[in-house]
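Have a look at the structure below, then the notes.
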Protein chains: 2
Amino acid sequence: MPVNSFDNYPMSWKPDKNALKRPYYQSIASLLEHDIKNGFLASGTKLPPQRELADFLDLNFTTITRAYKICEERGLIYAITGSGTFVAPNASRSITISKDKTASLIELGLVSSFEQTNALVKDSIQQVVNKSYFEQLLDYNDPTGIPHQKAAALNWMESFGIHTDQEHLAIVSGAQNALAIALTALFEPGNRIATDLYTYSNFIELSKMFRIQLVPITGDEFGMLPGELDKQCNKVNIHGIFLMPSCNNPTTIMMSDFRKREIAEVIRKHRLILIEEEIHAFMTAGIVSDYQQPMFNLLPEQTIYICCTSKSICSGLRIGYIVYGKAFCEKILQSIFNINVKTSSFNAEIITELILSGKAHEIVLLKKQLVQTANDIYFNNFPFDKNVGHPLSFYRWLPIQRHSDALELETDLQKLGIRAFHSDRFLSGQTPQDKYLRIALSSTNSLDELKVGLRILNEYLN
Amino acid sequence: MPVNSFDNYPMSWKPDKNALKRPYYQSIASLLEHDIKNGFLASGTKLPPQRELADFLDLNFTTITRAYKICEERGLIYAITGSGTFVAPNASRSITISKDKTASLIELGLVSSFEQTNALVKDSIQQVVNKSYFEQLLDYNDPTGIPHQKAAALNWMESFGIHTDQEHLAIVSGAQNALAIALTALFEPGNRIATDLYTYSNFIELSKMFRIQLVPITGDEFGMLPGELDKQCNKVNIHGIFLMPSCNNPTTIMMSDFRKREIAEVIRKHRLILIEEEIHAFMTAGIVSDYQQPMFNLLPEQTIYICCTSKSICSGLRIGYIVYGKAFCEKILQSIFNINVKTSSFNAEIITELILSGKAHEIVLLKKQLVQTANDIYFNNFPFDKNVGHPLSFYRWLPIQRHSDALELETDLQKLGIRAFHSDRFLSGQTPQDKYLRIALSSTNSLDELKVGLRILNEYLN
DNA sequence: CTATTTGTCCGTGAACATTTC
DNA sequence: GGAAATGTTCACGGACAAATA
């Protein structure tokens, strides 16, 4: 019997005692999930401490621990020792970003890749179809890529500073697919991965799906803070870290070379597996003066480096490269076979042809011009923070005051005919004060449409 | 203190007491995993009962329960209440089947799809490249497939008896990819899925990777036994069932229509999610007289139907169709976005063009002739059980005596220049007495090579 | 058919670590 | 800087269920 009556005691969540069935911990978890998903408990709400709820329900407190744990694994809540347990941001809805088929909105949400350049691909496909070995591009051979395709891939990545050989490379179906492969190959449910506080929302969802816990690490203008990472590693058992050093998505922050070395030191010390995704390397290497090298070079044995040709060459062919240390080889290959069997050699050959013929470089040049203009248009509308983040990013990170409710803001914008995403979608952990909008610059049908979209946005925010 | 000295007592596994560290359960699990993976404990070995090992180690028996549970989740062991705990078949090695790049063996292992027909695809690619809307095949739009592509897919599956609409269909990257999507979308680590005792080995590996437990159900010549399924469902909490009714891989068993209805009844009763993979529907519908319909028709609301064009049309384009009940829609789409983002519309368009132009039917006709001849060649060499299983299967299931050690047999065959797989690879549960070889008939470079391979095999086995 | 063997499930309590005040 | 609040970890034991002898 509980000693006190809790009727007058403030408790943010009071499950119905009569609804409890055995096993209690599952029953409690279900009730909590229900109440969160149905909006009775808002993001950020502090739940009753384990011992208090246990008292209320007349159970041992570790039974509550287990109930909370289930919900935490589902990404619904998060707990901080000493502080309490809270409802997670994005708990009640999926934040996966994908193309919205309905409505003819001006797309500033999903980051595409200036699809205007796709016409340039046609010739290369023609070349591939006419190749003497065309039929061999349509079978089950070479599941990680045909040697000459891998050679072209190495050639392509050489300019970003990647030096490795064909044994440590596989061709997969895009960056997202590479992440799914890396996560299933190298992590288990319950494992923890450190990420920037704001990170790629599809990575957040992917982790949730595979029951991998994200540990948010704060950062500054040069990227993630090594001290914070070290602190968290000492506190809990962290297995990996996910970074986008050449241009964080969504914040556009580029990690300085000095910071890369500091972070690499912490990663080495704690033997983390580094997943390094370089969506913007082709827009960084040789352009941004501070860019020296990928972190893969600093930690070649413990890094999975992901390079995707979707943003740089052609998104619709779904080709990405995954580079890994020797220790990961077997597990990665296993996972590729399990998830894809293989990526089409035909598609890989088209990308290969584009690279070898020089067409890929032409496309990149064109995209550079487009992204330069798009950024100019953006800064005409929002002339703040011009020196923050990557100068040629495909998207921008706009601080906003007011408009704090994420869903409301996004819905408002849709009513005005534009789609853009609130910063809450990209949160890997607790909610900070500052709010932002991620504005994709590369997804409108034309630069004129981008102008219109940004003007509407500007008017709305003022 | 343990009461007895176990030094003289027969215990199949005695972990080193001094090697134990806290937490004990993890330490024990690691030791056990090590000893299994290094071959100190052979498949099928009975481990000490929980209470006995606990006594030996001077621990509570539930601590052993937890250690065993970890290894069971990793697919290393399996436990039967009342009987004991045993080392799993295939515990010490991966059984994923993929193309072996090394050595020029005669391929009777991996099931390809008579790749001789791939030349016929060329014209259709040409057609696609010349289409007016070619550029729109290279962007992020329509992540589940462009409407007319879906219409063609429905058209294609109509002949197998699938009647549904575009809302319940998505285009993915092959059957294996579809399975990965279905498993991650609809199941959680720890869930159980019923399968035939012998089932698709890559499905076994995929389940292992996602920590999903397989529950083997025995069957007869008409397929899985409904009584056995019902019994297992009553015993443990089973969430789903995986079936290949039109032609089981590897046994070639076709489920009779009567049996489909019986099994469907059990599935409905226990509210299982049915994953139905139809690799051979195009070789069954309209050819085999008993074929009436897929099980999807019997359970449209709780089935995931997977149809792959790799075997029937062209493997190298990696296109599969996934059909699902309304309740699964959201989760399946979410998983597609997370794992693939999308499947290339360009590849999907080529398959669409093949279907709409009638080329696909030509290819199927050609494959039918090839598979007929291949089966004739097989039965010339092994004139037994001619009426067992699917008459036009791409592979056959050959009973073998002696040669019981799987690895040894496969290695022996490789030395003779052929690759084929022992039945142990396809086992989802405990090891039965009977042994088989799965012989792929569709993967050699020519039918002549198949003849040579089967002759060598025949000589070896006699 | 009953007793025994064996695995499963789940609530408990002690020891501990971190954060907050 | 120490006490209180709060979450984490893990070994334990009782009740139960299934298979076997």
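Just so we're on the same page: letters track the sequence lines, and every chain starts at 1.
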Does [X] make a side-chain N or O approach to OP1 or OP2 of [N] shorter than 4.0 Å?
X: A/Lys69; N: D/dG7; answer: no
X: B/Gln50; N: C/dT8; answer: yes
X: A/Asn60; N: C/dG13; answer: yes
X: B/Ser83; N: D/dA18; answer: no
X: A/Thr62; N: D/dT8; answer: no
X: A/Tyr24; N: C/dG11; answer: no

Do the side chains of B/Asp58 and B/Lys17 get close enough for a salt bridge, i.e. N-O under 4.0 angstrom?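 No, no charged N to carboxylate O under 4.0 Å.
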Is B/Glu188 salt-bridged to B/Arg211, cutoff N-O under 4.0 Å?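 Looking at B/Glu188 and B/Arg211, the cut-off is not met.
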For [Y], does its backbone N or O pair with a side-chain atom of [X] as donor and acceptor, under 3.5 Å?
X: A/Arg192; Y: A/Val236; result: no
X: B/Asp196; Y: B/Thr199; result: no
X: B/Ser428; Y: B/Tyr198; result: no

Roughly how many Å is it from [atom1] in [X] to [atom2] in [N], rounded to a whole number?
X: B/Arg51; N: D/dA11; atom1: CZ; atom2: C1'; answer: 16 Å
X: A/Lys21; N: C/dC10; atom1: NZ; atom2: P; answer: 14 Å
X: B/Phe61; N: D/dC10; atom1: CZ; atom2: C1'; answer: 16 Å
X: B/Ile80; N: D/dA17; atom1: CD1; atom2: C1'; answer: 15 Å
X: B/Lys231; N: D/dA18; atom1: NZ; atom2: C1'; answer: 11 Å
X: A/Tyr25; N: C/dC9; atom1: OH; atom2: P; answer: 8 Å
X: A/Tyr68; N: D/dT6; atom1: OH; atom2: P; answer: 11 Å
X: A/Ile64; N: C/dG13; atom1: CD1; atom2: C1'; answer: 15 Å

Of all the nucleotides listed ([options]), which has the minimum atom distance to the side chain of [X]?
X: B/Pro23; options: C/dT8, D/dC10, C/dT6; result: D/dC10
X: B/Ala79; options: D/dG7, D/dA11, C/dT8; result: C/dT8
X: B/Leu59; options: C/dT6, C/dA17, D/dC12; result: D/dC12
X: B/Pro49; options: C/dG7, D/dT6, D/dT9; result: C/dG7
X: A/Arg192; options: C/dA17, D/dT9, D/dG14; result: D/dT9
X: B/Thr85; options: C/dG7, C/dT12, C/dT8; result: C/dG7

I want to confirm an ordering. Mapping A/Gln232 and A/Gln26 to their closest nucleotides on DNA chain C, which one lands closer to the 5' end?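 It is A/Gln26, whose closest nucleotide lies nearer the 5' terminus.
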Could you check if a side-chain atom of A/Phe40 sits within less than 4.5 angstrom of a side-chain atom of A/Ile36, using non-hydrogen atoms only?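 No; the side chains remain at least 4.5 Å from each other.
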